[in-house]
Amino acid sequence: MITGFTYCTPTKLYFGKGCVKDLPAVMGKYGKNVLLTYGGGSVKKTGLYDKVRELLKDFNVIELPGIEPNPKYDPSVVTGAKLCKEHGIDVILAVGGGSVLDCSKAISVCAKYDGEGWDLISGKVKAKEALPVVDIITLAATGSEYDSGCVISCTAINDKRGYVDDILFPAASFLDPEYTYSVNKWQTACGTADAMNHVLEQFFASPCSEFNDGLMISALRSLMTNVKTALERPDDYAARSELMYVCTLACNGILSNGAGSSGWPMHSIEHALSAYFDITHGAGLAIITPRWMKEILCDRTAERFVTLGRSLFGFGGGLTDREIAEKVIDAFYGFFESIGIPMHLEPLGVKAEKIEEMADHILANDDTSRDWMYAPLDKAALIRILTASM
Ligand code: NZQ
Ligand code: ZN
């Protein structure tokens with residue numbers, strides 16, 4: 001069944017080798033004063049920074065470098081918004097991974113607001129205006145290049161907020177898979193795990209449809225196949241291009257238009273882990289996934305596992321629904337392990353003594369127990385998932 005929905009993605013995508021040649025024309029539509037944002041230096045190592053500066057030679061460019069993974073409200077967003085106000089910035093160009101882009105989206109609204117920017121990010125105040133954001137995405141993972149969300153950490157209060165508003169869609173996104181050749185094995189694996197989880201968060205929902213299931217299973221199959229190739233041959237264009245395109249579509253809703261919503265509980269849990277321990281988002285998700293699946297498996301949910309098991313892994317034969325479901329959970333665990341993700345949180349620095357506090361934090365900030373969710377999680381369930389993930 002496809003239920004009613006409203007859908008619009010206003011972001012213009014430029015995809016393929018050399019697509020950044022169109023950057024000056026696109027940027028020129030918005031003005032001459034550019035805030036160029038980037039991360040810790042990968043863009044300089046790969047030569048993309050020089051290329052961008054050359055393409056922007058006729059623009060006035062102010063830079064905000066050093067945006068960290070799990071981008072921080074203070075200093076990155078605060079500094080970026082200040083620069084925009086001081087220099088009369090017309091458009092932001094984000095060059096990097098999801099963290100650089102998310103930070104730039106947050107800057108785009110804070111630059112147009114005179115109060116405390118965190119009030120916008122935390123949803124206390126609705127943003128009325130934003131600067132346009134253009135991006136060159138260099139890591140296949142979050143889908144931020146085609147969605148209306150950003151995720152920002154406020155270390156002072158151990159908070160990591162997903163902030164979603166139509167005003168945050170990028171104006172244009174440039175996706176050249178060649179710029180992802182330099183992504184190391186760890187980030188390649190974690191980025192893929194993130195996108196796989198985006199699909200799974202949408203798959204475990206009711207109602208669902210054959211069409212949506214088909215899109216999502218195809219997305220999972222493509223991610224799982226192509227990540228193996230990219231890990232073996234980082235400069236394999238075919239693999240990198242599929243990873244990039246599937247990641248771009250996986251978080252923007254298009255795969256699950258007309259289906260029910262799960263409420264994205266694994267993301268709620270992972271955002272707390274990243275807020276407390278600054279771990280890599282995709283790794284946290286990969287570790288949580290099989291434990292969350294075990295927690296929600298019951299007679300009602302078994303049917304979704306069976307669809308996945310039969311279509312994605314070819315399980316069936318004389319197995320019962322429960323047996324197929326168990327095999328699906330083991331298969332995801334084994335897959336994440338096979339791409340190099342340690343399947344426990346402790347080695348990533350997570351401390352068991354914080355589990356109860358994190359469970360309270362999740363329920364307070366991003367309530368996973370709401371009754372409309374596909375499988376609501378109360379405090380005890382959150383504690384079981386986190387404890388099993390250690
Ligand atoms: O900082 P630099 O030097 O650029 O290095 C980065 C960083 O260390 C590196 N990297 C990026 N592109 C590279 C590269 N290294 C070599 N070659 C390249 N081409 O990779 C490291 C990780 O970068 P980051 O941007 O943090 O990774 P990702 O794209 O996975 O973004 C993760 C952030 O996005 C949020 C996560 O919570 C996390 O904060 N998310 C955003 C979403 C959204 N906006 O829709 C949805 C997601 O679920 C997620 O929550
Ligand atoms: Zn994610």
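Order of listing sets the numbers, starting from 1, for every ligand and every atom in it. Nothing fancy with the numbering, it's 1 onward along the sequence.
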*When you look at CD of Glu86, are more than 12 heavy atoms from neighbouring residues, nucleotides or ligands closer to it than 6.0 Å?*
yes
*asked:* One residue to check: Thr138. Relative to ligand 1, which of side chain, backbone, both or neither has a non-hydrogen atom less than 4.0 Å away?
replied: both
*asked:* When you measure from the heavy atoms of Lys160 to every atom of ligand 1, does any distance fall below 4.0 Å?
replied: yes
_I need the contact type for His267 against ligand 1. Using non-hydrogen atoms and a strict under-4.0 Å cut-off, is it side chain, backbone, both or neither?_
side chain
*asked:* Using a 3.5 Å distance criterion without hydrogens, assess whether the side chain of Thr11 forms a donor-acceptor pair with backbone atoms of Phe169.
replied: no
*Taking the six-membered ring where the residue is Trp, are the ring centres of Tyr237 and Tyr181 under 6.0 Å apart?*
no
_Please report whether ligand 1 has a polar contact with Gly39, defined as an N or O pair separated by less than 3.5 Å (distance criterion only)._
no
*Heavy-atom distances under 4.0 Å are what count here, so tell me which part of Tyr181 touches ligand 1: side chain, backbone, both or neither.*
neither
*asked:* For ligand 1 and Thr180, I'd like to know whether there is a polar contact (N/O to N/O, distance under 3.5 Å).
replied: no
*Are the side chain of Ser274 and the backbone N or O of Ile279 linked by a donor-acceptor pair below 3.5 Å?*
yes
_Those atoms of ligand 1 less than 4.0 Å from some heavy atom in Gly98_ = 25 (O), 28 (P), 29 (O), 31 (O)
_Sub-4.0 Å atoms of ligand 1 with respect to non-hydrogen atoms of Val151_ = 37 (O), 40 (N), 41 (C), 42 (C), 50 (O)
_For Ala141, which part has a heavy atom under 4.0 Å from ligand 1: side chain, backbone, both, or neither?_
side chain
*Is the backbone of Met266 close enough, under 3.5 Å, to the side chain of Glu201 for a donor and an acceptor to pair up by distance?*
yes
*Atoms of ligand 1, numbered as shown, that sit under 4.0 Å from any heavy atom of Gly149*: 44 (N)
_Salt-bridge present (Arg304, Asp213; N to O < 4.0 Å)_ = yes
*Do the side chain of Thr225 and the main chain of Ser222 share a donor and acceptor less than 3.5 angstrom apart?*
no
*Starting from atom 33 (C) of ligand 1, which protein heavy atom do you reach first, and at what distance in Å?*
Ser99 OG, 3.4 Å
*Indicate whether any N or O donor in one side chain lies under 3.5 Å from an N or O acceptor in the other, for Arg240 and Thr188.*
yes
*Check whether any side-chain N or O of Thr180 sits under 3.5 Å from a backbone N or O of Val183 as a donor-acceptor pair, and report yes or no.*
no
_Contact atoms of ligand 1, heavy-atom distance to Ser182 under 4.0 Å_ = 16 (C), 17 (N), 18 (C), 19 (N)
_Heavy-atom contact check, 4.0 Å cutoff: does Gly41 meet ligand 1?_
yes
*Matching residue for Trp118 among Tyr73, Tyr113, Tyr163 - test: ring pair (Phe, Tyr, Trp, His ring centres under 6.0 Å)*: Tyr73
*Got a salt bridge between Asp135 and Lys105, using NZ or NE/NH1/NH2 to carboxylate O under 4.0 Å?*
no
_Contact with ligand 1 for Pro71, non-hydrogen, under 4.0 angstrom_ = yes
*asked:* Nearest N/O/S atom of His198 with respect to the Zn ion (ligand 2), by atom name, please.
replied: NE2
*Indicate if the distance from the Zn ion (ligand 2) to the nearest N, O or S atom of Glu270 falls below 2.8 Å.*
no
*asked:* Looking only at N, O or S atoms, which one in Asp194 sits nearest to the Zn ion (ligand 2)?
replied: OD1
*Cationic N near anionic O, under 4.0 Å, Lys379 to Asp360*: yes
*Backbone or side chain, does any N or O of Val43 fall under 3.5 Å from an N or O of ligand 1?*
no
*Closest to atom 11 (C) of ligand 1 (judged by heavy-atom distance), picking from Leu139, Val95, Ile137*: Leu139
*Quick one: does ligand 1 sit under 4.0 Å from the side chain of Asn184, the backbone, both or neither, non-hydrogen atoms only?*
neither
*For residues Phe332 and Phe313, establish whether the separation of their ring centroids is below 6.0 Å.*
yes
*Can you tell me if His198 has a non-hydrogen atom under 4.0 Å from ligand 1?*
yes
*Protein contact to atom 8 (O) of ligand 1 [nearest heavy atom, distance to 0.1 Å]*: Pro69 CG, 3.9 Å
*Is it true that Glu357 and Lys351 have a side-chain N and a carboxylate O under 4.0 angstrom from each other?*
no
*ligand 1 contacted by His271 (non-hydrogen, < 4.0 Å)*: yes
*Would you verify whether the NZ or CZ of Arg322 falls within 45 degrees of the ring axis of Phe305 while also being under 6.0 Å from that six-membered ring's centre?*
no
*When the ring planes of His198 and His281 are compared, do they come out parallel, tilted or perpendicular, using 30° and 60° as the limits?*
tilted
_Quiz question: by atom type and distance under 3.5 Å, do the side chains of Ser144 and Asp102 form a donor-acceptor pair?_
yes
*Can you sort out which atoms of ligand 1 are near Tyr179, meaning under 4.0 Å from one of its heavy atoms?*
19 (N)
*Is it the side chain (CB and beyond), the backbone, both or neither of Asp147 that lies under 4.0 Å from ligand 1, heavy atoms counted?*
side chain
*Atoms of ligand 1 less than 4.0 Å from Asn70 heavy atoms?*
38 (C), 39 (O)
*asked:* When you compare the side chains of Asn252 and Thr9, does any donor N or O come within less than 3.5 Å of an acceptor on the partner?
replied: yes
*Can you figure out which of Leu101, Asp278, Asp102 has its heavy atom closest to atom 41 (C) of ligand 1?*
Asp102
*Closest non-hydrogen protein atom to atom 15 (N) of ligand 1, residue and atom name please, with distance?*
Ser42 CB, 3.6 Å
*Can you tell me the protein heavy atom closest to atom 49 (C) of ligand 1 and the distance?*
His281 NE2, 3.2 Å
*Considering the heavy atoms of Asp194, write down every atom of ligand 1 situated less than 4.0 Å from one of them.*
47 (C), 48 (O)
*So, is His281 placed with an N/O/S atom under 2.8 Å from the Zn ion (ligand 2), counting both backbone and side chain?*
yes
*asked:* Please report whether atom 6 (C) of ligand 1 has a protein non-hydrogen atom at a separation of less than 4.0 Å.
replied: no
*What protein heavy atom sits nearest atom 31 (O) of ligand 1, and how far off is it?*
Thr142 CG2, 3.4 Å
*Does Lys327 count as lying over the ring of Phe315, i.e. NZ or CZ under 6.0 Å from the six-ring centre, within 45 degrees of the axis?*
yes
